[in-house]
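In what follows, a structure is listed as C-alpha cells, so that the remarks can point back to it.
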Amino acid sequence: MIIVYSLGGSLLAEQDSDGLRRYAEELRKLAKEHSVYVVVGGGRYARTYIEKARALGTSETFCDMIGINISKVNAMLLMAALGEDTAAVPEDYLQAAKESAPGKVVVMGGVAPGQTTDAVSALLAELVRADRLIVATNVDGVYTADPKVDSSAEKFDRMTPGKLVEISMMTEMKAGSKSAIDPLAAKIIERSSIPTAIVNGSDIANLRKAIFGDHQGTEIALK
Ligand code: UTP
C-alpha cells in the first residue's frame with residue numbers, strides 16, 4: 001500500500017533522541033511492507049518563532065515561511081533518526097514522489113505559505129495516489145470543538161469529507177494556528193475522496209493500526 005503520514009511537529013519536536021529513534025524504527029518497519037511518505041510539522045518551535053516574528057510586526061506570509069523552515073528542520077531531525085542524513089529534504093511534491101524507493105521513508109516538511117503540513121500531506125497523497133492518508137497529531141481525532149479548551153467537546157469516530165470541510169472551516173486561518181486539520185487539507189481530501197484517518201500519534205502503535213482502520217481516532221470516509 002501507499003501510505004502518507006502527516007506527523008505533527010507537536011509530536012516529533014517534543015521527542016528526545018530515544019523517542020525519535022522509536023518513531024524512526026517503526027517507520028522503517030512500515031517501509032518494508034509499504035511505500036511510506038512522512039510530512040513533518042513545525043510544532044511548538046514553529047509557533048514560538050511565529051509569535052516572536054508577529055510581535056515584531058512582520059506579515060503573515062513571512063510568519064508562514066518561518067513555520068515552513070522549522071518544519072523542514074524537524075524533517076531533518078527525523079531523517080537523522082532514520083539514518084538518511086545524506087539526502088536533502090524534498091522542496092516539492094514531485095521531488096518527494098521521485099525519491100520513493102523500496103524500504104525508504106521519504107520525509108518532507110512545509111512547501112508554500114497559507115497552509116499547514118496537513119495540506120502538504122493531502123496534496124502528496126493525491127499525487128502519489130495514496131491508499132491511506134494518516135494524520136497523526138497529539139489529539140485523539142476530530143472533535144466538535146477543541147477538547148483542550150472545551151471539556152464538552154465530543155469526538156467523531158467517523159465522518160464524511162464534507163463534514164470534515166465544515167468542521168475545519170471553523171478554524172482561524174493564521175500562521176501557526178491550531179486545529180485537528182486545516183481547511184485546505186480537508187478540501188483536498190474531499191475532492192479526491194482520499195481514505196483518511198486522524199489519530200493520536202503519541203502512541204506509536206497507532207501509526208500501524210491506522211493503516212487498516214483499526215484505531216480509536218476519526219475515520220474520514222464517504223460512507
Ligand atoms: P504545521 O501547522 O503544519 O505544524 O506548520 P504542526 O506544528 O504540525 O501542527 P501540529 O501542532 O503539530 O499539529 C506550522 C506552521 O508553518 C506554516 C504555517 O504557518 C503553519 O501554521 N506552514 C507550514 C506553511 O505556511 N506552509 C506549509 O506548507 C507548512
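Atoms within a ligand are numbered from 1 in the order they appear, just like the ligands themselves. Any value given below was found using the heavy atoms of this structure, including those in side chains, with hydrogens, waters and symmetry copies removed.
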Do any N/O atoms on [X] end up under 3.5 angstrom from N/O atoms on ligand 1?
X	result
Val111	yes
Cys63	no
Asp118	no
Gly42	yes

(message) Applying side-chain contact (heavy atoms from CB on, under 4.5 Å) to Thr137 and Ile181, what does each step give before you reach the verdict?
(response) CA-CA 9 Å; Thr137 66; Ile181 194 148; over 6 Å; no
(request) Show your reasoning for whether side-chain contact (heavy atoms from CB on, under 4.5 Å) applies to Tyr37 and Val107. (result) CA-CA 6 Å; Tyr37 297 83; Val107 185; over 6 Å; no
Give a yes or no answer on whether the side chain of [X] reaches the backbone of [Y] with a donor-acceptor pair at less than 3.5 Å.
X	Y	result
Thr48	Ala46	no
His215	Gly217	yes
Ser192	Ile194	no
Glu84	Ala80	no

Check each heavy atom of [X] against ligand 1 and say whether those closer than 4.0 Å belong to the side chain, the backbone, both or neither.
X	answer
Arg47	side chain
Thr117	both
Ser6	neither

(message) Quick check on Pro113 - does any of its heavy atoms sit under 4.0 Å from an atom of ligand 1?
(response)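 Yes; Pro113 lies near enough to ligand 1 that a heavy-atom distance drops under 4.0 Å.
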Atoms of ligand 1, numbered as shown, that sit under 4.0 Å from any heavy atom of [X]:
X	answer
Gly8	8 (O), 12 (O)
Ile68	16 (O), 22 (N), 23 (C), 24 (C), 25 (O), 26 (N), 27 (C), 29 (C)
Val120	28 (O)
Ser10	10 (P), 11 (O), 12 (O), 13 (O)

(request) State, yes or no, whether a side-chain contact exists between Tyr5 and Leu27 at a heavy-atom distance under 4.5 Å. (result) yes
(message) Is there a continuous path of hydrophobic side-chain contacts, each under 4.5 Å between heavy atoms, that joins Val139 to Leu12?
(response)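 Val139 does not cluster with Leu12.
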(message) Which option wins on minimum heavy-atom distance to atom 14 (C) of ligand 1: Gly9, Gly110, Ala46?
(response) Ala46
(request) Could you name the option among Gly114, Ala112, Gly43 that has the heavy atom nearest to atom 26 (N) of ligand 1? (result)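 That would be Ala112.
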(request) First locate atom CD of Gln115, then atom CD1 of Ile188, and finally report the distance between them rounded to the nearest 0.5 Å. (result) 8.5 Å
